[in-house]
*Asks:* 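Attaching a single structure in structure tokens format; questions to follow.
A note on names: the letters A, B, ... follow the listed sequences, proteins ahead of strands, and every chain is numbered from 1.
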Amino acid sequence: MERTTYCGLVNESYLEKEVVLKGWVQKRRDLGNLIFIDLRDREGIVQLVFSQEIGEQALHVAEELRTEFVVEIKGKVRSRKDDAINPKMKTGKVEVEVHEINVLNKAKTTPFYIEDDINVSDDLRLKYRYLDLRRPEMQNALIIRSKITQAVHRYLDDNKFINIETPYLTRSTPEGARDYLVPSRVYPGHFYALPQSPQLFKQLLMGAGFDRYYQVARCFRDEDLRGDRQPEFTQIDLEVSFMTAKEIQTMTEGLLKAVMKMALNVEIKTPIKRITWNEAMDRFGSDKPDIRFGMELKDMAAAVAKMGFKVFDQTLENGGQVKAIVVPGGTEKYSRKQIEAKQEYIKRFGAKGLAWVKVTSEGFSGPIAKFFDEEHVTTVKEIAGAKVGDLILFVADTRKVVADSLGYLRVAFAKELNIIDENEFAFVWVVDWPLFEYSEEFHRYIAAHHPFTMPNEEDVELLETEPHKAHAQSYDIVLNGYELGGGSIRIHQRDIQEKMFKALGFTKESAEKQFGWFMDALDFGFPPHGGLALGLDRFAMLLAKKDNIREVIAFPKNSKASEPLTNAPSKVATKQLDELGLEIEETN
RNA sequence: GGUCCAUUGGAGUAGUGGUUAUCUCGUCUCCCUGUCACGGAGAAGAUCGUCGGUUCAAAUCCGUCAUGGACCGCCA
């Protein structure tokens with residue numbers, strides 16, 4: 001029997017026609033000598049009918065069917081009587097009267113239901129991922145992902161980008177994330193590293209004159225996982241020669257527009273808004289701001305100075321910040337206890353406390369309300385933009401702690417109060433990043449983006465004098481509070497690249513040893529270039545409206561970096577280790 | 001490396017020291033010709049994650065470990 005259509009596509013155009021369908025039994029409703037089966041495939045569900053009148057043999061087979069049996073059927077499409085129409089089903093106006101059926105395979109009772117909105121642990125879902133992936137919402141998520149990559153290939157091909165693969169077995173480089181290492185059999189004691197990104201290879205392709213490169217590339221980083229981080233993930237990676245940062249951004253906007261149109265049929269407005277890194281930190285307390293709502297951070301230094309509240313006064317005297325956000329209508333919705341729970345939470349960002357007042361018609365109320373006289377109340381309300389019934393939250397600390405804490409609270413309260421429009425896609429460019437950040441761990445500056453990022457032209461000389469003041473020609477594209485991607489103009493001149501490594505604490509010798517092979521390439525007429533990489537997993541997650549990238553990866557790792565279905569990683573045979581010249585030191 | 005949370009039939013859960021361990025769904029048997037959350041009758045299914053402690057008595061209190069989840073660190 002050859003399939004004539006998908007279950008989910010059976011509609012009135014097939015009326016009175018014979019169809020052959022193949023699929024899984026979603027549900028059996030056995031009324032005795034009348035049996036209904038919901039048959040499911042990737043396109044949806046259609047109702048099958050079995051009775052003595054339609055076919056006695058088929059009816060007997062239907063009696064034995066159970067959930068998730070795989071069957072093929074031949075039957076005639078009939079319209080349902082008015083009172084039997086199911087408006088909740090796409091195929092609800094029709095049904096298939098089955099006169100021939102074959103069971104292609106039986107199924108044990110599944111550990112969870114094959115339907116949307118199941119309430120089971122991720123662990124169980126991953127262990128039976130092939131069942132989990134039968135669920136319509138998982139199929140939709142992966143279909144959206146597929147549409148995104150299709151749109152990317154089409155758009156970039158149309159724009160003369162050349163798709164080139166780069167190695168997965170490559171060289172370990174210092175800086176950046178921890179590498180996944182692959183031992184070499186041919187060179188015992190030597191290791192390949194899986195790429196954290198194709199960064200240097202794509203730059204070399206610019207040196208090779210390809211001018212416009214792209215790749216949907218798998219990347220690997222051996223760091224701990226998060227909801228939006230997997231140890232292997234996919235980047236839409238691109239690089240171009242002879243374009244400015246602005247030109248690259250404009251071209252990326254074209255790509256984003258095409259993807260949004262093809263994947264979701266959503267039109268986005270371009271050009272996409274740009275804000276500087278400084279502005280993002282000041283206004284949103286985040287380098288990846290969610291701009292779908294307000295509740296921006298307000299500088300309260302002027303309003304609360306010399307008020308007699310020690311915490312604020314001392315922070316300001318020590319060069320810190322006092323900033324606040326307003327929680328609209330927060331007075332009634334939040335108890336002291338709930339606010340204190342939030343205070344507890346932000347301690348992980350280093351905050352020592354969370355000061356708050358409730359705005360009442362008489363002024364402020366709450367534990368620190370007594371420090372505010374009438375004038376302070378007026379100024380604070382004005383600067384914060386608060387009105388009666390609002391809750392004002394203050395954090396006084398260093399710039400970083402204030403930003404992390406209020407940045408978190410801003411999003412947390414907005415989510416709880418449901419003031420974020422879930423149907424909005426708010427893109428924003430964050431530009432003009434610092435070139436370096438100080439690492440407490442290494443007691444030196446590290447690259448904020450990566451060591452191949454070009455400083456702003458006027459900041460090049462700062463590399464040798466005050467590197468921490470230098471800003472980069474780098475840019476991140478942010479969507480709904482997630483870092484969707486980022487890129488930069490790269491260094492294409494050897495002397496600047498050498499200065500960069502020096503600023504990062506490399507000696508001339510170590511830079512030469514680690515990256516000499518790359519810097520040599522810059523000597524041979526290397527074009528100015530730049531590029532960008534988009535996180536495909538995050539992009540798919542946001543378009544599929546999921547809150548974890550596991551939901552858009554067919555076979556992801558769990559939060560402990562293992563894979564419950566295949567039980568990877570696993571131990572290997574001693575013989576394998578011997579071939580690699582490796583010995584395992586048992587620890588416990 | 002750290003903090004917090006969870007772990008009870010196949011799934012989801014109730015259960016604050018003494019219960020025949022609760023309920024819902026599912027599973028199995030029988031009945032049922034218009035169901036679509038089908039309905040009705042009945043049945044099976046749990047050493048309450050592990051090890052140890054406290055107690056006359058532990059699913060329940062304490063500790064260990066394990067597994068999972070969220071987060072901090074980490075993620076050029």
*Asks:* When you check the phosphate oxygens OP1 and OP2 of G26(B), does a side-chain N or O of K108(A) lie under 4.0 Å from one of them?
*Replies:* no
*Asks:* Please state the C1' separation for the pair C25(B) and U3(B) - nearest whole angstrom.
*Replies:* 36 Å
*Asks:* What's the gap between C23(B) and A14(B) when it is taken at their C1' atoms, as a whole Å value?
*Replies:* 7 Å
*Asks:* Check whether any side-chain nitrogen or oxygen of T109(A) sits under 4.0 Å from OP1 or OP2 of C28(B), and answer yes or no.
*Replies:* no
*Asks:* Output yes when at least one side-chain N/O atom of S559(A) is less than 4.0 Å from OP1 or OP2 of G68(B), else no.
*Replies:* no
*Asks:* Taking for each residue the nucleotide of RNA chain B bearing the nearest heavy atom, is the 5' side occupied by P111(A) or by E53(A)?
*Replies:* P111(A)
*Asks:* Given the C1' atoms of C48(B) and U60(B), what is the spacing between them in whole Å?
*Replies:* 10 Å
*Asks:* Between U35(B) atom P and R28(A) atom CZ, what is the distance in whole Å?
*Replies:* 17 Å
*Asks:* For the side chain of R348(A), starting at C-beta, report the closest nucleotide among C71(B), G1(B), A11(B).
*Replies:* C71(B)
*Asks:* Closest-nucleotide mapping onto RNA chain B: is D122(A) or I85(A) further toward the 5' terminus? I mean the 5' end.
*Replies:* I85(A)
*Asks:* NA contact type, D179(A), heavy-atom cut-off 4.0 Å: base, sugar-phosphate, or nothing?
*Replies:* nothing
*Asks:* Does a distance-only test, which skips hydrogens and angles, find a donor-acceptor pair under 3.5 Å between the side chain of R221(A) and the base of C75(B)?
*Replies:* no
*Asks:* Can a salt bridge be assigned to the pair D38(A) and R29(A) using a cut-off of 4.0 Å between side-chain N and carboxylate O?
*Replies:* yes
*Asks:* If you look at every strand shown and take non-hydrogen atoms under 4.0 Å, does D123(A) touch a base, only sugar-phosphate, or nothing?
*Replies:* sugar-phosphate
*Asks:* Here's one to test your reading of the geometry: is the NZ or CZ of R348(A) within 45 degrees of the ring axis of Y345(A) and under 6.0 Å from its centre?
*Replies:* yes
*Asks:* Is the NZ or CZ atom of K342(A) both under 6.0 Å from the centre of the six-membered ring of Y334(A) and within 45° of that ring's axis?
*Replies:* no
*Asks:* Could you give the distance separating U67(B) and C51(B) at their C1' atoms, to the nearest angstrom?
*Replies:* 15 Å
*Asks:* I'd like to check K106(A) versus E64(A) (side-chain heavy atoms, cut-off strictly below 4.5 Å). Are they in contact?
*Replies:* no
